[in-house]
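Right, one structure below, let's go through it.
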Number of protein chains: 2
Amino acid sequence: MTETRAEQKERTRRAILDAALDLTEETGLAGLSLRGVAKRVGIVPTAFYRHFDSIDALGLALVEESLVSLRAMLRAVRQPDGAHSPIGIADTSVRVLVEHVHAQRAHFGFLARERAAGPATVRDAIRREIELCELDLATDLARLTDARTWSALDLRAASGLIVTLMVTAAEELVTARPDQEETIAQTARTRLRMVLIGALNWRSGPPVG
Amino acid sequence: MTETRAEQKERTRRAILDAALDLTEETGLAGLSLRGVAKRVGIVPTAFYRHFDSIDALGLALVEESLVSLRAMLRAVRQPDGAHSPIGIADTSVRVLVEHVHAQRAHFGFLARERAAGPATVRDAIRREIELCELDLATDLARLTDARTWSALDLRAASGLIVTLMVTAAEELVTARPDQEETIAQTARTRLRMVLIGALNWRSGPPVG
DNA sequence: AGTTTCGGTGTACGCATGTTCACCGAATGA
DNA sequence: TCATTCGGTGAACATGCGTACACCGAAACT
């Protein structure tokens with residue numbers, strides 16, 4: 001015997017999750033059908049219940065493992081690694097983003113779709129996670145800026161701007177063909193640099209009005 | 001008689017479209033059900049066919065009238081009106097955006113959701129419209145910038161950044177409670193100013209590395 | 001006044017959905 | 001070797017779906 005029963009079971013469970021992620025791409029989480037994933041996996045519909053209690057439980061599992069991928073990326077982005085100039089941090093952040101989205105494309109695609117159009121509870125869970133990221137970034141920025149020219153609202157505006165930029169880059173990456181990845185990364189780097197230049201000159205550069 | 005038959009018919013048609021926009025908020029366009037719409041409107045399911053050929057025709061109508069609202073807003077944003085400084089243009093652009101999203105909240109909510117998670121054809125139609133907007137903005141920017149320091153890719157990066165910022169503001173507006181509108185508008189203005197400052201100092205300001 | 005138009009009704013059909021139940025057969029443990 | 005566990009099977013259910021059809025009654029037209 002080359003495969004124990006537990007391994008086989010785990011393989012089927014994984015196949016169900018992958019099939020569901022795949023199908024969700026076209027129908028959304030709400031339109032996911034038990035019979036559809038069963039057919040795709042190659043099992044009879046009822047066999048599904050050997051792995052999940054219900055269709056909702058499947059959805060919950062998808063949300064959870066996608067959020068795990070998201071958190072893993074955020075952790076990696078915040079990992080300091082040598083270069084410490086703003087531009088250096090920006091470039092490595094974009095690189096880490098691209099790598100993670102590439103490696104877990106299905107998860108990030110799922111998050112992008114359900115963030116905007118998923119069931120209310122899912123939508124809120126994803127948005128909460130991203131908002132936490134904005135808050136973290138705002139506190140990071142607070143340490144790097146002058147409190148006399150940076151109000152709390154300014155900090156929130158800047159961190160939200162950067163996070164939005166990153167989320168957009170991720171959405172573009174999951175939508176695009178592989179050969180467009182480099183262009184998207186390049187564009188994201190340029191955007192991030194523009195925003196950083198704007199932030200560094202915030203109320204300290206020449207008048208712009 | 002206080003209401004002609006044609007008026008009554010138009011009223012029912014409008015009620016169907018409004019009910020559909022409402023229901024779509026929770027289920028997405030793909031999850032829209034004829035019977036659900038009929039129940040909400042207060043007619044029997046089959047009466048629906050006096051107004052639309054099929055459920056798909058309803059979806060098409062929703063997409064079309066939402067895109068009309070989007071184009072109306074874009075036209076209004078590009079309407080020159082007095083103040084011509086970058087900051088002035090930015091502020092009035094945000095104001096126009098807020099007004100239009102407020103007046104057609106259902107349409108912009110629909111566009112935000114279906115852009116990310118709708119059927120492929122709908123998704124593509126909405127994205128094409130937004131990309132056209134980016135291209136227009138890029139040509140506008142081209143006239144305002146120095147070709148020696150601004151490459152074509154830089155122009156695309158900047159216009160995409162601004163459009164993303166506006167789309168995000170619109171998404172926040174349709175999600176938020178009415179009393180949060182002013183805060184969101186304020187934040188959007190700040191973000192737009194930051195980006196403009198970044199753009200104005202692009203490769204002409206002090207070194208930032 | 002008589003006829004036509006037409007928005008709304010009620011019934012019916014075929015199909016897909018989530019979930020349940022009793023059952024089978026092979027891997028597992030004693 | 002025998003008993004048990006358990007992933008997968010097939011039939012059945014109630015429900016919801018989109019759509020077609022014949023029909024009704026009042027507004028609209030002649």
Side-chain angles (χ1 to χ4, degrees), chain A residues 1-63 114 117-122, chain B residues 1-63 114 117-122:
Chain A
M1 138 202 13
T2 69
E3 196 179 29
T4 172
R5 189 139 80 170
E7 287 170 347
Q8 166 64 29
K9 175 163 189 178
E10 179 53 31
R11 220 165 53 99
T12 304
R13 187 190 144 90
R14 192 62 253 161
I16 291 176
L17 287 166
D18 289 341
L21 281 171
D22 237 50
L23 293 172
T24 298
E25 204 155 326
E26 284 160 16
T27 65
L29 175 58
L32 198 59
S33 108
L34 184 158
R35 286 175 147 89
V37 312
K39 181 171 292 184
R40 176 86 128 215
V41 172
I43 58 176
V44 90
T46 51
F48 170 86
Y49 289 95
R50 300 293 175 199
H51 304 274
F52 297 93
D53 285 346
S54 67
I55 259 287
D56 286 339
L58 209 209
L60 192 61
L62 290 180
V63 173
E114 303 307 323
T121 61
V122 173
Chain B
M1 128 203 22
T2 68
E3 197 177 30
T4 172
R5 188 138 82 170
E7 287 170 349
Q8 167 63 29
K9 175 162 187 179
E10 179 54 29
R11 221 166 52 99
T12 304
R13 187 190 145 91
R14 191 64 254 160
I16 291 176
L17 287 166
D18 289 341
L21 281 171
D22 236 50
L23 293 172
T24 298
E25 204 156 325
E26 283 160 17
T27 65
L29 176 59
L32 197 59
S33 109
L34 184 158
R35 286 176 146 88
V37 173
K39 182 172 290 183
R40 167 87 65 136
V41 172
I43 57 177
V44 89
T46 51
F48 170 86
Y49 289 95
R50 300 294 175 200
H51 304 274
F52 296 94
D53 284 346
S54 69
I55 217 28
D56 286 338
L58 209 209
L60 193 60
L62 290 180
V63 173
E114 302 307 323
T121 62
V122 174

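The model shown is predicted, which means the values in this text are computed figures rather than measured ones. Residue numbering restarts at 1 for every chain, and letters A, B, ... go by the order of the sequence lines.
Taking atom CD of residue B:E7 and atom C1' of nucleotide D:dA27, one finds them 13 Å apart after rounding to whole Å. Between the P atom of C:dG18 and the CG atom of A:L29 lies a distance of 12 Å, rounded to the nearest Å. Counting to the nearest Å, the C1' atom of C:dG7 and the CZ atom of B:F52 are 14 Å from each other. One atom, CD of B:E10, and another, P of C:dG7, lie 12 Å apart when rounded to the nearest Å. Atoms CD (A:E3) and C1' (D:dG7) sit 13 Å apart, rounded to a whole Å. As rounded to whole Å, 13 Å separates atom C1' of C:dT9 from atom NE2 of B:H51. If you take NZ of B:K39 and P of D:dG18, they are 12 Å apart, rounded to a whole angstrom. As rounded to whole Å, 6 Å separates atom C1' of C:dT28 from atom CZ of A:R5.
When the nucleotides C:dG8, D:dA28, D:dG7 are ranked by their closest atom to the side chain of A:K9, D:dG7 comes out on top. Of the candidate nucleotides C:dA26, C:dT17, C:dG8, C:dG8 has the atom lying nearest to any side-chain atom of B:Q8.
Rounded to the nearest 0.5 angstrom, B:S33 OG and B:R40 CZ are separated by 11.0 Å. Rounding to the nearest 0.5 Å gives a distance of 11.0 Å between CG of A:L23 and CG of A:D18. Of the inter-residue distances, the one linking A:L32 atom CG with A:I55 atom CD1 reads 5.0 Å to the nearest 0.5 angstrom. In this structure, OG1 on A:T12 lies 12.0 Å from CD on A:E7, to the nearest 0.5 angstrom. Interatomic distance, A:F52 CZ to A:L17 CG, rounded to the nearest 0.5 Å: 4.0 Å.
Remark: A:R11 engages A:E3 in a salt bridge (charged side-chain N to carboxylate O under 4.0 Å, His left out) (not counting sequence neighbours).
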Exercise. Could you walk me through whether B:V41 and B:F48 pass the side-chain contact (heavy atoms from CB on, under 4.5 Å) check?
Worked result: CA-CA 10 Å; B:V41 172; B:F48 170 86; over 6 Å; no
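At the heavy-atom level, B:L58 lies nowhere under 4.0 Å from the strands shown.
The side chain of A:T12 places an N or O atom within less than 4.0 Å of a non-bridging phosphate oxygen (OP1 or OP2) of D:dG8.
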Would you tabulate the nitrogen or oxygen pairs shorter than 3.5 Å linking the protein to nucleotides 19-22 of chain C?
{"unit_1": "C:dT19", "atom_1": "OP2", "unit_2": "A:Y49", "atom_2": "OH", "d": "2.9"}
{"unit_1": "C:dT19", "atom_1": "OP2", "unit_2": "A:I55", "atom_2": "N", "d": "3.2"}
{"unit_1": "C:dT19", "atom_1": "O5'", "unit_2": "A:Y49", "atom_2": "OH", "d": "3.1"}

